[in-house]
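Both counts, for ligands and for their atoms, begin at 1 and track the order of listing. Because only heavy atoms are used, hydrogens play no part in the values below, and waters and symmetry mates are left out as well, while side chains stay in. Starting from 1, each residue takes its place in the sequence as its number. Bear in mind the structure is a predicted one, so any value in this text is a computation, not a measurement.
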Amino acid sequence: MANSNVAFFFFFALLIGHGIVELEASHLVYKHLLGLLSSAPANQPYRTGYHFQPPKNWINDPNGVMIYKGVYHLFYQYNPKGAVWGNIVWAHSTSNDLVNWTPHEPAIFPSQPSDINGCWSGSATILPGGKPAILYTGIDPLNRQVQNLAIPKNLSDPYLREWVKSTKNPLMQPTAQNQINSSSFRDPTTAWLGPDNKWRVVIGSKVDQLGLAILYKSKDFVNWYQSKTPLHSANTGMWECPDFYPVPIHGQNGVDSSLKGPYVKHVLKVSLDNTRHDCYTIGSYDNVKDIYKPDEGSVEGDSGLRYDYGKYYASKTFFDDFKNRRILTGWINESSSVADDIKKGWSGVHATPRKIWLARSRKQLVQWPVTEIEKLRTNHISLANKLLKGGSVIEFSGVTAAQADVEVSFEIKDFEKAEVLEPSWTNPQLLCTRMGASVKGSLGPFGLLVLASEGLKERTAVFFRIFKGHNKYVVLMCSDQSRSSLNQDNDMTTYGAFLDVDIRHHKLSLRSLIDHSIVESFGGGGKVCITSRVYPTLAINKAARLYAFNYGSQSIKISKLNAWSMKTAKIN
Ligand SMILES: *[C@@H]1O[C@H](CO)[C@@H](O)[C@H](O)[C@H]1NC(C)=O
Ligand SMILES: *[C@@H]1O[C@H](CO)[C@@H](O)[C@H](O)[C@H]1NC(C)=O
Ligand SMILES: *[C@@H]1O[C@H](CO)[C@@H](O)[C@H](O)[C@H]1NC(C)=O
C-alpha cells in the first residue's frame with residue numbers, strides 16, 4: 001500500500017441477500033488519483049465528439065455497467081497516471097441517456113491486500129431489493145488473480161459514489177486443491193440465480209489452450225464454492241471477460257440474467273486473449289446441471305460469430321429494466337503506435353452503446369446503436385432513388401463529415417453478372433484484404449468513402465460486394481483502412497465479414513457512425529458490425545469529406561440516404 005494512502009477504517013454490517021456481510025469502508029485519500037479530470041493537450045483531431053472517453057490517459061474494458069435509480073453507471077479500466085496500460089483502477093461516470101456522461105472520482109481502487117496490485121475487470125449484479133453488488137478481479141501481493149466483492153456505501157445516492165469492500169475478500173482464489181492458474185483467473189460475469197435459489201457466476205480461465213468458463217455458486221453472494229464442471233469450455237485459448245445471458249426468441253426486448261424458460265436462448269460471449277476478438281455462440285443452458293451447450297452449427301472461436309469484426313474487445317452487456325432492453329458496451333482500442341498514444345496523452349475509447357437481441361433466424365444476434373444517440377443528429381441531408389453507375393463517386397456536402405451519422409440503403413435489380421464465389425473463399429477478412437475498395441468488380445465494391453480527403457488520397461472505405469454462391473447470393477461487407485491515413489505507423493488491417501441478408505428480397509443497408517478517428521459501421525440493420533480506428537492526416541475536422549461510390553461494373557441504386565451532422569456530446 002502506498003504510504004500516501006493514510007486511512008482510517010471502520011467496520012459495519014450490511015445485509016446482502018440471505019447473509020450478513022462485514023464490509024470495510026474505504027475512506028482512503030488517494031492523492032495520486034487527484035487531477036484525474038484535468039484535460040489532455042488541446043487541438044487534437046482524433047478525439048471523439050460523441051464516443052465515450054475521459055479527458056486523458058489510458059482506458060480499456062467497460063466494467064459493472066448498470067442502471068440504478070434511473071441513472072446509467074459506467075465503470076471502466078483506467079490508468080490515472082498515463083496513456084499506457086498500468087496502475088489500473090475503476091473510473092466511474094454516470095449518465096441519464098447513455099450519451100452525455102458526468103465523471104466521478106474512481107469508485108474502486110487498490111486498498112486491500114486482495115487488490116493491492118490492481119483492480120481489474122468485473123461486473124455488477126442487482127441483488128434482491130434492487131441493491132447493486134460488484135464482483136471484480138483483484139491482483140494480490142503475490143500477483144495472483146483473485147475475485148473480490150464491493151457494494152455501495154450509500155444506497156440513497158443514485159450516483160453510487162462510494163463503494164465498500166467485503167472484509168472477506170478475496171471470495172474466490174486459486175488454491176493447491178482447485179489447480180486454477182493464478183495468472184489466468186479473471187473477469188467475473190454478472191451473477192444469476194438458479195432454480196435452487198443459489199447465485200452463479202462465471203470467471204474466465206484456461207488450462208493450456210482450453211478456454212474455461214469456471215462456475216462458482218453461492219447462497220449469500222459472499223461464500224462461493226467452485227462447481228465441479230465449468231459452465232463451458234473450448235479449445236480457443238484463454239477466455240477473458242466472459243458474458244452469459246438469456247435472449248428472448250421473439251422480439252427485441254432484453255431480459256434479466258436470471259430469467260430461464262422455454263422462450264429464451266442463451267448467449268456465451270468470450271474475449272479471446274489469443275486473437276483479441278469478442279466471439280459468441282448461441283445455445284441452451286441447463287440450469288440444473290449448470291452446463292451451457294452451443295446450438296449445432298454455432299461455431300466456437302474466431303471462425304464463428306463476433307460482435308464486431310473490427311477493433312472491439314472486452315465488451316459487456318447489462319439488462320436495462322427501465323427500457324426492457326439489453327445493452328452492449330465495448331472497448332475500442334487504438335490502432336496507433338504507443339509512441340503516438342503517449343504524445344496525444346490518451347488511449348482507448350468506448351463504442352456507442354448498442355441494443356442487442358436475437359435475429360429472427362435465431363442463429364445470430366443483431367445490434368443497433370441505442371436510439372438516444374439520435375438526439376445528437378442535426379443538419380439533415382437526404383437523397384432517394386439515385387442511380388450509382390459503375391465507376392462513379394458522388395459527394396455529399398452539408399454535414400460535418402468528421403462527426404456524422406450516415407444511413408444508406410442500396411438496391412440491386414440485376415444479379416446476373418454477379419461474380420462467382422470460389423469454394424475456397426471462406427475467410428471474409430482475407431477476401432476484403434485481397435479485394436480492397438480499389439479492386440474493381442462486377443456487383444461491387446459499392447458503399448461509402450468516409451473521413452476522405454479531397455482527391456481521395458485518404459479515405460476509409462466501408463463497402464459491399466455481392467457474389468454468386470452455391471445456391472444463394474453471398475454479401476461480403478468490408479472496412480478497408482489501407483488508405484485511411486498517410487501516416488503508415490498505424491495498424492491498417494482491413495476487416496470483413498459475410499452478411500446474412502436475402503439480397504433478392506431485401507435492400508442492403510449500411511449505417512456508419514463517423515467520429516474523427518472512429519468509423520463504427522452496421523450492415524444489414526445490425527447483423528454485421530465493423531469498427532475501425534483511423535488517423536487521417538488530411539481528412540481532419542472541416543477538411544473531411546463524405547462520398548458514396550460504386551467501383552463495380554454494374555449499376556446500383558441508392559434507394560435512400562440520410563445523413564446528419566452529430567452534435568458534440570458531453571463525454572466527461
Ligand atoms: C446518502 O446519499 C444521500 C443522497 O445523495 C444523501 O442525502 C445522504 O446525506 C447520504 N448519506 C450519507 C450517510 O452520506
Ligand atoms: C498460467 O498462465 C500463464 C499465463 O497465460 C502461463 O504463462 C503459464 O504457463 C500458466 N501456468 C500453468 C501451470 O499452466
Ligand atoms: C490494441 O492495439 C494495438 C495496436 O494496434 C495492438 O498491438 C494490441 O494488440 C491491441 N490490443 C487489443 C486488446 O486489441
Aromatic Trp368 / basic Arg354 pairing, under 6.0 angstrom, 45° off normal:
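No, cation not above the ring by the 6.0 Å, 45° rule.
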Cation-pi geometry met for Arg200 and Trp224 (6.0 Å, 45°)
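Judged by the rule, Arg200 and Trp224 form no cation-pi pair.
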Minimum non-hydrogen distance to atom 2 (O) of ligand 3, winning option of Asn333, Asp341, Val338, Asn490
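Comparing heavy atoms across Asn333, Asp341, Val338, Asn490, the nearest one to atom 2 (O) of ligand 3 lies in Asn333.
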Heavy-atom nearest neighbour of atom 10 (C) of ligand 1 within options Leu155, Asp157, Asn154, Leu160:
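Ranked by closest heavy atom to atom 10 (C) of ligand 1, first place is Asn154.
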Atoms of ligand 3 less than 4.0 Å from Trp331 heavy atoms?
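Within the 4.0 Å cut-off of Trp331, ligand 3 contributes 13 (C).
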Check ligand 3 against Asp491 and write out every atom of the ligand that is under 4.0 Å from a heavy-atom position of the residue.
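In order of number, 5 (O).
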Would you say the side-chain atoms of Thr329 pair up with the backbone N or O of Lys316, donor to acceptor, closer than 3.5 Å?
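Present.
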Using atom types as modelled and distance alone, determine if a side-chain donor or acceptor of Glu458 lies under 3.5 Å from a backbone N or O of Thr537.
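Judged by distance alone, yes, a pair lies under 3.5 Å.
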For atom 13 (C) of ligand 3, which protein heavy atom lies nearest, and how many Å away is it?
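Sorting protein heavy atoms by distance from atom 13 (C) of ligand 3 puts Arg276 NH1, 2.7 Å first.
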Nearest-neighbour protein heavy atom for atom 4 (C) of ligand 1, which is reported as residue plus atom name and distance
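Answer, as residue, atom name and distance: Ser156 O, 3.5 Å.
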Any atoms of ligand 2 less than 4.0 Å from a non-hydrogen atom of [X]? List them with their elements.
X	answer
Ser183	1 (C), 2 (O), 3 (C), 4 (C)
Lys206	2 (O), 5 (O)
Asn181	1 (C), 2 (O), 3 (C), 8 (C), 10 (C), 11 (N), 12 (C), 14 (O)

Could you check whether the rings of Tyr46 and Tyr535 sit parallel, tilted or perpendicular, using 30° and 60° as the cut-offs?
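Perpendicular, since the angle between the ring planes exceeds 60°.
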Should the pair Trp90 and Tyr136 be assigned to parallel (<30°), tilted (30 to 60°) or perpendicular (>60°) ring geometry?
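Aromatic pair Trp90/Tyr136 classed perpendicular.
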Checking salt bridge (charged side-chain N to carboxylate O under 4.0 Å, His left out) against Lys269, which of Asp187, Asp243, Asp278 comes through?
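Of Asp187, Asp243, Asp278, salt bridge (charged side-chain N to carboxylate O under 4.0 Å, His left out) with Lys269 is met by Asp278 alone.
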Could you tell me whether atom 7 (O) of ligand 2 has at least one protein heavy atom nearer than 4.0 Å?
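Under 4.0 Å from atom 7 (O) of ligand 2, zero protein heavy atoms found.
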Ligand 3 to Ser336 polar contact by distance, N or O atoms, under 3.5 Å
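No, there is no polar N/O contact under 3.5 Å.
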Give yes or no for whether the N/O distance cutoff of 3.5 Å, strictly under, is met between Lys311 and ligand 3.
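Min N/O separation from ligand 3 is below 3.5 Å for Lys311.
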N/O separation below 3.5 Å, Asp208 to ligand 2:
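For ligand 2, there is no N or O atom that lies under 3.5 Å from one belonging to Asp208.
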Which heavy atom of Ala107 sits nearest a heavy atom of Phe75, and at what distance?
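So the minimum-distance heavy-atom pair works out to CB-CE2, 3.6 Å.
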So, 4.0 Å and heavy atoms of Met238: is ligand 2 close enough to count as a contact?
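It does not, in that no heavy atom of Met238 comes within the 4.0 Å cut-off of ligand 2.
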Taking the six-membered ring where the residue is Trp, are the ring centres of Tyr309 and Tyr495 under 6.0 Å apart?
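Ring centroids of Tyr309 and Tyr495 are no less than 6.0 Å from each other.
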